[in-house]
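Just the heavy atoms: all of them, side chains too, but no hydrogens, waters or symmetry mates, feed the values below. Convention: sequence-line order gives letters A, B, ...; per-chain numbering from 1.
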Number of protein chains: 2
Amino acid sequence: MSRAHGRRLGRAGIRDVAAAAGVSITTVSDALNGKGRLPDATRRHVREVADRLGYRPSAAARTLRTGKSGLIGLTVTTYGEEPFTFTEFAYFAEMARAASSAALARGYALVILPGSTRQSPYDVWSNVALDGTVVIDPSDRDPVVTELVRQGVPVVSDGRPCGDLPVTAWVDNDHEAAVTGLLDHLAAAGARRIGLLTGTSTDTYTRLSTEAYLGWCERAGQDPVYEAYPAHDPCAGAVAADRLLARPDRPDAVYGLFDPNGTDLLAAARRYGLRVPDDLLLVCCSESAVYAGTEPPITTLSLKPGRIGTTVVQLLIDAIEGTGGGRPVQRIMPTDLIVRTSSQRRRRRTTVSAPRSPEQRGQA
Amino acid sequence: MSRAHGRRLGRAGIRDVAAAAGVSITTVSDALNGKGRLPDATRRHVREVADRLGYRPSAAARTLRTGKSGLIGLTVTTYGEEPFTFTEFAYFAEMARAASSAALARGYALVILPGSTRQSPYDVWSNVALDGTVVIDPSDRDPVVTELVRQGVPVVSDGRPCGDLPVTAWVDNDHEAAVTGLLDHLAAAGARRIGLLTGTSTDTYTRLSTEAYLGWCERAGQDPVYEAYPAHDPCAGAVAADRLLARPDRPDAVYGLFDPNGTDLLAAARRYGLRVPDDLLLVCCSESAVYAGTEPPITTLSLKPGRIGTTVVQLLIDAIEGTGGGRPVQRIMPTDLIVRTSSQRRRRRTTVSAPRSPEQRGQA
DNA sequence: AATGGGAGAAGAGACGATTCTGCAAGCCGC
DNA sequence: GCGGCTTGCAGAATCGTCTCTTCTCCCATT
């Protein structure tokens with residue numbers, strides 16, 4: 001069929017706009033994209049006609065021609081078939097939210113893609129044109145990452161990549177400083193023997209945090225007291241917390257590396273009749289607001305996933321647009337210790353029931 | 001330049017595969033896509049060569065040709081410039097997680113897109129080729145939805161659409177049944193006057209829930225006792241909770257429509273010296289696990305966002321692939337009342353502070 | 001022997017935009 | 001008045017894939 005202008009259903013093409021405006025395709029493209037040398041009158045006219053016809057350029061055609069899709073992949077390593085891990089849900093959710101915001105602000109959209117499972121996710125990956133990808137906690141020799149880098153697609157990781165994974169850039173917290181600072185805080189609150197609840201997996205977060213703990217212990221002249229458990233198992237945490245408090249060399253303060261450790265440890269402390277913070281100081285790493293409302297409120301270390309997400313996306317887009325300078329970049333982000341009752345040695349005796357104040361009545 | 005085989009940087013095209021395998025482009029395409037009439041030997045050979053060259057078909061070209069991108073948009077209405085609303089974060093996160101899983105399982109990927117703000121998000125929308133879109137709680141005459149439907153893109157909404165928004169299908173909870181059941185539960189626990197903490201906005205969730213409450217009150221012969229506040233304001237909830245408990249006709253049970261209402265009401269109750277559940281029964285609608293750990297644990301109504309997300313995506317993909325039958329579909333999903341201490345009248349006497357005579361007068 | 005038909009493979013457009021190149025005017029200085 | 005410059009626009013190639021159509025064998029049937 002050489003008669004190509006069959007007035008297809010609904011959607012107007014650039015040809016239709018050109019015909020309706022009495023100009024060439026080139027002129028329409030230039031007018032709409034602010035390129036070329038055109039008088040404002042022509043530009044306005046073309047825009048007007050395009051609006052009237054409800055013209056939307058085909059994203060696929062544009063992507064094919066320009067090689068840029070405006071799409072950024074977002075991947076998390078998965079332990080089951082679910083794309084988010086149970087224990088880190090709050091972290092991921094906040095990180096993804098911030099990343100999405102940052103991407104949209106610069107004209108990109110985020111595509112949620114499965115991590116590198118051994119299943120069959122390759123179709124989905126090669127079915128979408130990506131300008132770049134964010135990977136959260138890539139594993140050692142992640143095949144997807146390797147493949148993407150080979151194709152020249154920029155990859156920025158949240159979390160220092162293990163091994164020699166050739167990512168374009170990465171962002172991570174200063175886990176060393178975070179753990180050291182937190183242990184100092186506990187020591188200042190009177191802790192003599194600080195325990196650690198850690199994980200058995202080999203990701204960088206677990207590894208760096210544990211190493212920082214061991215280093216601190218050595219410097220402080222304290223014997224390490226820790227229990228490790230498979231962090232992706234939602235039940236194992238409570239058991240490990242119990243084990244830690246059942247030890248003969250029971251610690252008088254504990255730091256838990258994972259989000260649920262706070263409640264796990266609190267429950268374990270209750271079982272052993274330990275009062276928090278009087279008999280046991282508690283800190284855990286968490287993004288959840290739960291710990292502001294527990295009894296007592298628990299001090300948490302926040303990794304500030306929002307800031308991480310924003311930074312990761314900024315670096316990625318810089319790399320995509322060539323703004324970044326081309327050299328591999330790594331960015332270390334600070335953490336936030338939110339100090340609550342559980343890590344403060346008996347400040348004042350808080351009365352259990354709140355004092356009734358009739359003055360609280362604001363509304364008349 | 002007719003010399004088109006410039007051995008571009010890295011990426012092999014279908015032409016390169018054809019040349020390397022000594023066959024035509026057609027044969028390569030057919031071999032890799034399982035189409036055409038080819039002997040297995042040829043198919044294998046082509047696949048082998050393609051693998052060796054690390055060939056990945058161009059998603060953009062395929063999309064342009066076939067008209068299918070394998071991409072599904074996900075939109076939430078925004079109140080600020082953030083893509084998620086504060087009060088409904090947990091709901092959105094879980095819904096998006098489930099939707100993403102369901103989409104990936106059927107070979108589609110989710111693209112996170114901004115809701116219809118008056119800002120300038122049109123670029124992003126028209127820069128991505130979508131096979132369909134999920135919208136969460138679309139507003140009355142959402143321009144993006146209208147535009148998409150006009151272009152023939154299927155749109156499925158989470159939440160019954162207001163007005164006559166022409167969505168392809170929608171999924172929602174049975175809010176009427178949920179609220180009625182919950183109020184019955186409170187009444188059975190001994191509540192005589194049940195109050196409501198609701199919102200001022202006009203979305204269907206707020207509207208349907210409030211109407212269900214009013215209807216129940218009428219049937220039960222109880223005067224409605226409620227306070228409404230702008231739900232998107234994170235501070236207003238606490239104030240409204242306070243107002244509700246300060247009323248002369250103070251309710252002896254309250255249902256809060258929004259996630260933070262539980263803690264807001266709990267705090268307000270403490271300020272007025274009301275014990276939960278002895279003096280005040282509490283239920284709020286929330287997806288957060290916080291309420292299992294509060295003192296006391298609070299009964300929550302879960303909207304089961306995971307089920308909603310899965311269903312929405314299934315319906316959308318059915319519509320995209322023409323599996324659904326073509327007629328508009330609406331699906332009503334059940335909710336889950338998770339009963340905890342806060343809505344159970346004095347099971348056993350917990351030894352707290354002695355019961356104080358409730359000053360029912362309140363207002364001086 | 002001629003024909004029909006099926007298997008195997010190749011040719012040649014689309015798909016819908018971007019963009020490089022080129023062409024016709026108009027205007028300037030000399 | 002003429003060459004060279006800018007301005008305003010059009011032609012046509014190209015991006016990489018899918019797919020409709022065609023073409024050639026080759027064997028079995030009539």
Side-chain angles (χ1 to χ4, degrees), chain A residues 1-19 21-46 50 53 55-70 123 126-129 131 151, chain B residues 1-19 21-46 50 53-70 123 126-129 151:
Chain A
M1 267 344 114
S2 59
R3 179 193 42 199
H5 300 76
R7 189 71 76 210
R8 259 161 305 294
L9 337 88
R11 51 223 312 139
I14 197 173
R15 272 193 295 264
D16 303 308
V17 177
V23 297
S24 75
I25 294 181
T26 308
T27 304
V28 174
S29 178
D30 284 349
L32 263 39
N33 294 328
K35 302 195 171 178
R37 305 172 299 202
L38 298 179
D40 279 352
T42 307
R43 244 176 248 282
R44 260 197 310 274
H45 176 227
V46 169
L53 266 54
Y55 167 69
R56 298 278 150 209
S58 148
R62 170 176 296 172
T63 300
L64 177 58
R65 184 66 236 261
T66 64
K68 257 78 189 75
S69 67
D123 341 327
S126 54
N127 255 342
V128 40
D131 287 349
Q151 287 179 25
Chain B
M1 247 17 91
S2 60
R3 182 191 40 199
H5 301 76
R7 189 71 75 208
R8 259 159 306 296
L9 339 87
R11 52 225 312 142
I14 196 172
R15 269 192 299 263
D16 304 307
V17 177
V23 297
S24 75
I25 294 181
T26 308
T27 303
V28 175
S29 178
D30 283 349
L32 294 176
N33 294 330
K35 303 195 171 179
R37 306 174 296 202
L38 299 178
D40 279 351
T42 308
R43 242 177 250 283
R44 259 198 310 275
H45 176 227
V46 169
L53 266 53
Y55 166 69
R56 299 277 151 210
S58 148
R62 171 175 294 172
T63 299
L64 178 58
R65 183 66 237 259
T66 64
K68 255 80 189 75
S69 67
D123 343 329
S126 53
N127 255 343
V128 40
Q151 286 180 28

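- Regarding A/Asn127, its CG atom lies at a distance of 17 Å from the P atom of D/dG16, rounded to whole Å.
- Taking only side-chain nitrogens and oxygens, A/Arg65 never comes nearer than 4.0 Å to OP1 or OP2 of D/dT14.
- In this structure, the separation between CD1 on B/Ile14 and OH on B/Tyr55 is 4.0 Å, given to the nearest 0.5 Å.
- OP1 or OP2 of D/dG16 has not a single side-chain nitrogen or oxygen of B/Ser58 nearer than 4.0 Å.
- Close to C/dA17, at under 4.0 Å from its OP1 or OP2, lies a side-chain N or O of A/Tyr55.
- Rounded to whole Å, atom C1' of D/dT14 lies 14 Å from atom CD1 of B/Ile25.
- Among residues at least two apart or in separate chains, there is no side chain to side chain donor-acceptor pair (under 3.5 Å) pair with a member in residues 37-46 of chain A.
- Remark: A/Thr27 OG1 to A/Leu32 CG distance equals 11.0 Å, nearest 0.5 Å.
- Counting any heavy atom pair closer than 4.0 Å across all strands shown, A/Leu64 reaches a base atom.
- In this structure, a donor-acceptor pair under 3.5 Å is absent between the side chains of B/Thr26 and B/Ser29.
- In this structure, the separation between OG on B/Ser58 and CG on A/Asn127 is 10.5 Å, given to the nearest 0.5 Å.
- Taking only side-chain nitrogens and oxygens, B/Arg37 never comes nearer than 4.0 Å to OP1 or OP2 of C/dG6.
- Distances from the side chain of A/Leu38 to the nucleotides D/dC9, C/dA17, D/dT17 place D/dC9 closest.
- The distance between atom NZ of B/Lys68 and atom P of D/dG16, rounded to the nearest whole Å, is 24 Å.
- Direction change of the helix axis from one end of the helix from C/dA1-D/dT30 to C/dC30-D/dG1 to the other is 60°, with five pairs defining each end axis (rounded to 10°).
- For C/dA9, one of the phosphate oxygens OP1 or OP2 lies less than 4.0 angstrom from a side-chain nitrogen or oxygen of B/Thr42.
- No donor-acceptor pair under 3.5 Å is formed between the side chain of A/Asn33 and the backbone N or O of A/Asp30.
- When rounded to the nearest whole Å, the span between CG of B/Asp40 and P of C/dA9 equals 11 Å.
- Side chain of A/Asp131 to backbone of A/Gly70: a donor-acceptor contact under 3.5 angstrom is found.
- Heavy-atom distances under 4.0 Å link DNA chain D to B/Ser29, B/Asp30, B/Asn33, B/Lys35 of residues 27-35 of chain B, given in residue order.
- B/Arg43 places its CZ atom 12 Å from the C1' atom of C/dA9, with the value rounded to the nearest Å.
- At least one donor-acceptor pair under 3.5 Å links the side chain of A/Ser69 to the backbone N or O of A/Ala129.
- A donor-acceptor contact under 3.5 Å is formed by the side chain of B/Thr26 with the base of D/dT19.
- Taken from OG in A/Ser126 to CZ in B/Arg62, the straight-line distance is 7.0 Å, to the nearest 0.5 Å.
- To the nearest angstrom, P of D/dG16 lies 14 Å from CG of B/Leu53.
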